Amino acid sequence: MREKILYSENMSFTYLKNIFEFLLQDRTASLLLCVLFLLTIAFAFFLGRIFSHIEFESKLKKRISSERADAIKQSRSVLGGLAGEQVAPFLPGFPCNPADARFIGKPVDFVAFCGAAQEDKINEIVFVEVKSGEATLSRREKEIRECVEHGRVRFEVYNIPESRR
């Protein structure tokens with residue numbers, strides 16, 4: 001059985017060898033063979049470029065779609081957080097009377113002067129940062145919290161210098 005396979009392989013190799021020898025004997029056939037070979041290579045090259053372009057376009061569309069969905073999700077989260085900041089003083093669990101809170105926005109959301117709305121005396125000043133969902137404090141917000149916790153807070157009066165005409 002193995003001899004038949006070898007004989008069959010040798011026959012097909014011999015057959016191809018005879019065809020190439022025949023083509024190489026005739027100059028016109030040799031030239032046509034070279035042109036055909038070059039055209040095949042060019043066709044394969046351009047076919048590969050077309051397929052790679054189609055694949056690139058497909059991946060780009062998927063990536064754009066994914067990034068748009070992520071941007072929409074992030075935008076909704078930010079808008080929800082901004083709306084939450086505005087209504088936070090009126091929600092249960094806010095650390096002080098809503099009338100005492102003053103919205104600042106950056107670097108903290110509120111400064112509350114506890115006691116200012118109902119009493120004659122302010123008994124505490126509270127910095128309030130509002131977060132929603134899984135949001136965490138930014139680096140700057142953490143620095144502010146640390147300053148307050150270590151007593152690095154002061155009160156200054158700034159007098160505007162008179163202008164000289």
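Values below: every heavy atom of this structure, side chains too, minus hydrogens, waters and symmetry copies. One-based numbering along the sequence shown. Just so you know, these numbers come straight off a predicted model, no measurement behind them.
The shortest side-chain heavy-atom distance between L39 and F43 does not fall under the 4.5 Å cut-off.
Listed by chain and residue number, L137, R145 satisfy the side-chain contact (heavy atoms from CB on, under 4.5 Å) test with K142 (two or more places apart in sequence, or in another chain). Not a single side chain to side chain donor-acceptor pair (under 3.5 Å) links E134 to another residue, sequence neighbours left out. A135 is linked by a side-chain contact (heavy atoms from CB on, under 4.5 Å) to K131, counting only residues two or more places apart in sequence or in another chain. Residues passing the side-chain contact (heavy atoms from CB on, under 4.5 Å) test with F90 are P98, sequence neighbours excluded. Annotation: side chain to side chain donor-acceptor pair (under 3.5 Å) contacts of E57 (sequence neighbours excluded): none.
In this structure, I64 is a member of the same hydrophobic cluster as F56, with clusters built from ILVMFWY side-chain heavy atoms closer than 4.5 Å. Cluster membership check: V111 shares its hydrophobic cluster with V153, using side-chain heavy-atom separations under 4.5 Å among Ile, Leu, Val, Met, Phe, Trp and Tyr.
At distances below 3.5 Å, not a single donor-acceptor pair connects side-chain atoms of D100 with backbone N or O atoms of A112. S65 places no side-chain N or O within 3.5 Å of a backbone atom of K61 that could act as its donor or acceptor partner. Checked by atom type and distance alone, the side chain of E141 pairs as donor or acceptor with a backbone atom of S138 at under 3.5 Å. S52 places a side-chain N or O within 3.5 Å of a backbone atom of G48 that can act as its donor or acceptor partner. Without hydrogens or angle criteria, R102 side chain to A99 main chain gives a donor-acceptor distance under 3.5 Å.
Considering all non-hydrogen atoms of both residues, V130 and A88 come closest at CG2-CB, 3.7 Å. Taking all atoms of both residues into account, the shortest heavy-atom contact from R140 to P107 is CG-CB, 4.2 Å.
Note that CG of L47 and OG1 of T40 are 12.0 Å apart. Values are rounded to the nearest 0.5 Å. Atom CD1 in I72 sits 12.5 Å away from atom CD in E67 (nearest 0.5 Å). With rounding to the nearest 0.5 angstrom, the CD1 atom of I54 is 12.5 Å from the CZ atom of R49.
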(request) Go through C114 and N97 one step at a time and tell me if the side-chain contact (heavy atoms from CB on, under 4.5 Å) criterion holds. (result) CA-CA 7 Å; C114 298; N97 183 343; over 6 Å; no
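Annotation for R152: atom CZ counts as buried by contact number, over 12 foreign heavy atoms lying within 6.0 Å.
Residue pairs meeting the ring-ring contact (aromatic ring centres under 6.0 Å, His included) criterion with at least one member in residues 103-140, sequence neighbours excluded, are F94-F110, F103-F110.
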